[in-house]
Amino acid sequence: MSPFSFKKKERVRKRTDFITIYNKGVKQETQHFKIATLPNNLQWSRLGLTVSKKVGKAVQRNYVKRRLREYFRLHKAYLPMSCDIVITSKSGAQKLTYVEMCQELNAILCPDLQMPDRTKG
RNA sequence: GGAGUAGACUAAAUGGUCGCUGGGUCUCUGGUUUGAGAUUCAGAGGAAAGUCCGAGCUCCACAGGGCAGGGUGGUCGCUAACAGCGACUGGGGGUGACCCCAAGGAAAGUGCCACAGAAAACAUACCGCCCCGAGCAUGUCGAGGGGUAAGGGUGAAAAGGUGAGGUAAGAGCUCACCAGUAUCAUGGGUGACCAUGGUAGCUUGGUAAACCCCACCCGGAGCAAGACCAAAUAGGAGAGUGUGAAGAACUUUCUUCUUCGCAGGGUUGCCCGCCCAAAGGCUCUCGGGUAGGUCGCACGAGGCGUUUGGCAACAGGCGUCCCAGCUGAAUGACCAUUGCCUGAUGUCCUUGCAUCAGGAACAGAACUCGGCUUAUUGUCUGCUCCAGCU
RNA sequence: GGAGAGAUGACCGAGCUGGCCGAAGGUGCACGAUUGGAAAUCGUGUGUUCCGUCACAAACGGGACCGAGGGUUCGAAUCCCUCUCUCUCCG
């Protein structure tokens, strides 16, 4: 399997999973995102996304979610292993460029990675 | 050239790297389902939006009819249906192209018409005009009685308009013309209605997006509909089994039947004993059913082309194509090139060409269709008005 | 995705069988009375914006605004249509 793939089993899809990650996970916050992480028993990490209506209309919400998925797909090697990660977007996230978004998330999720990964660009 | 009006089309393209979803084919694992890999094909819209209407479809209800409630409202047609569409009629707006109209009934009945005004609909006449006139101060006097809707002012709206006759003053009281209503005839049109002519009474306020009347239509809820599979836990029903006690059958034991209760965990496997907990035995079956999953779910009032009928909406024939199917929700991220638009600069009389910079809207399927409404990019075409040149 | 309810001054909230409604009432705010001072109480006032009078302000007069835009009507917060926003319910 390619190292940059993103299958269905790598997503958080159940409401009960979201609630346990919210309640028991480690919560951190940046200017435009809230991040909750919780170790799981699987061999891989999973990603869950929440984008409220305050971000914008459906087109802008989908745009934010696609780019967050793209970030997760390309930075899997540097992210913590066997963790459930839930990213909640706050108002204003739709105005960021992709590079600004990567820098903001790297500060919390990839503290070892000083420079943003742009090799795939 | 400017302003406007109607309509049609469009919603950038190609390539690269890394990814997502579905269908087909092949390979591997495997008893099937499934899973993994390879390859190939396909993968948002004109509004997918708002959910304002109308249908299909599903479940529930239902003999038939009526009431209540809701909707529609010029005519003819189209349609599966519609509050939609087309053509036409009538009314209104605009210099015009053209656009807009919930456009039946107020002479079936009820209600309302604030303030102002005499009066807001059965004209009980405020001022005024006119006639009669008690009276006494004898005149520009007028208690009282009567006639009068021509004039005044109020109001959104005041009881047909103009002119003449007529009268005490006036009045459709009479006449002419005009407007309007009802009705009849003839002609045209499927019809709404139109044209022409006659007759009548002389004239009838507005409001039905107030109640209402008339004609026609409507059962309710919605894919989170609904159907199927179904873990764990708890609870329900039934069957079987073990064991204790009591009772009955029996002289007693055994055995059988009935009723009631119990069966747990730990201490090394078993027994005794001890400790903890306590009235929930154990096993199986059944049905309901939650989480979750599968179906519903994409071949359809389908698209494209062509032809016939029709002014058109649309309908029929023939040919051809299969064209998203997600579910914490795929259809993408980044980059390059070309094209488009705008601005600046250079060349040129302009069109155009070159360079640089910037821009590319509204917006994301969620069971599926037909409409409406709203948001919005660019281009083209027809027509109208104004200005200029020849 | 589907179904439903609502929007009125700074805030809450009546008015929704059309007219006397820029709009009751309460909270808040300002001023005054009371007090040595405050609280409480009592009284008065208090929306925004545009135009005019005026050198400005104040005051006075007029117009518009009941989420936004149209329509019906002589007249709309109220009736009808379209849009915007907020909230609730259905797993």
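Each chain gets a letter, A, B and so on, in the order the sequences are listed, and its residues count up from 1.
Residues forming a side-chain hydrogen bond (donor to acceptor under 3.5 Å, both in side chains) with A:R73 (at least two apart in sequence, or on another chain): A:E70.
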Produce the list of close N/O pairs, under 3.5 Å, pairing protein atoms with atoms of nucleotides 324-329 of chain B; give distances to one decimal.
{"unit_1": "B:rU327", "atom_1": "OP1", "unit_2": "A:K8", "atom_2": "NZ", "d": "3.0"}
{"unit_1": "B:rU327", "atom_1": "OP2", "unit_2": "A:K8", "atom_2": "NZ", "d": "3.1"}
{"unit_1": "B:rG328", "atom_1": "O2'", "unit_2": "A:V12", "atom_2": "O", "d": "2.7"}
{"unit_1": "B:rG328", "atom_1": "O6", "unit_2": "A:R15", "atom_2": "NH1", "d": "3.2"}
{"unit_1": "B:rG328", "atom_1": "N2", "unit_2": "A:T50", "atom_2": "OG1", "d": "2.5"}
{"unit_1": "B:rA329", "atom_1": "OP2", "unit_2": "A:R69", "atom_2": "NH2", "d": "3.0"}

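Sequence neighbours left out, the pairs with a member in residues 16-31 of chain A that pass salt bridge (Lys or Arg N to Asp or Glu O under 4.0 Å) are A:D17-A:R46, A:E29-A:K90. Here ring pair (Phe, Tyr, Trp, His ring centres under 6.0 Å) pairs that include residues 53-73 of chain A, with residues two or more places apart or in two chains, are A:F6-A:F72, A:Y71-A:H75. Counting only residues at least two apart or in different chains, salt bridge (Lys or Arg N to Asp or Glu O under 4.0 Å) contacts with residues 31-45 of chain A are absent.
Pairing for B:rA6 is with B:rU381, a Watson-Crick or G-U wobble pair whose two hydrogen-bonding atom distances lie under 3.5 Å. Base pairing of B:rA375: no nucleotide in any strand meets the Watson-Crick or G-U wobble criterion (both distances under 3.5 Å). Using the Watson-Crick or G-U wobble rule with both distances under 3.5 Å, B:rG172 pairs with nothing in any strand shown. Across the strands present, B:rC223 finds no partner; the criterion is a Watson-Crick or G-U wobble pair with both atom distances under 3.5 angstrom. Look at B:rC82: it lacks any Watson-Crick or wobble partner with both distances under 3.5 angstrom. With both pairing distances under 3.5 Å, B:rA42 is matched to B:rU21 as a Watson-Crick or G-U wobble pair.
Comparing A:R67 and A:V59, the nucleotide of RNA chain B nearest to each residue sits closer to the 5' end for A:R67. Comparing A:Y63 and A:A58 against RNA chain B, the residue whose closest nucleotide sits nearer the 5' end is A:Y63.
When distances run from any side-chain atom of A:N62 to the nucleotides B:rA44, B:rG332, B:rC334, the shortest one goes to B:rA44.
Nucleotides C:rC90 and B:rG222 have their P atoms positioned 14 Å apart, rounded to a whole Å.
Apart from A:L38 itself, the hydrophobic cluster it occupies contains A:V12, A:F18, A:I21, A:Y22, A:V86, where clustering links Ile, Leu, Val, Met, Phe, Trp and Tyr at side-chain heavy-atom distances under 4.5 Å.
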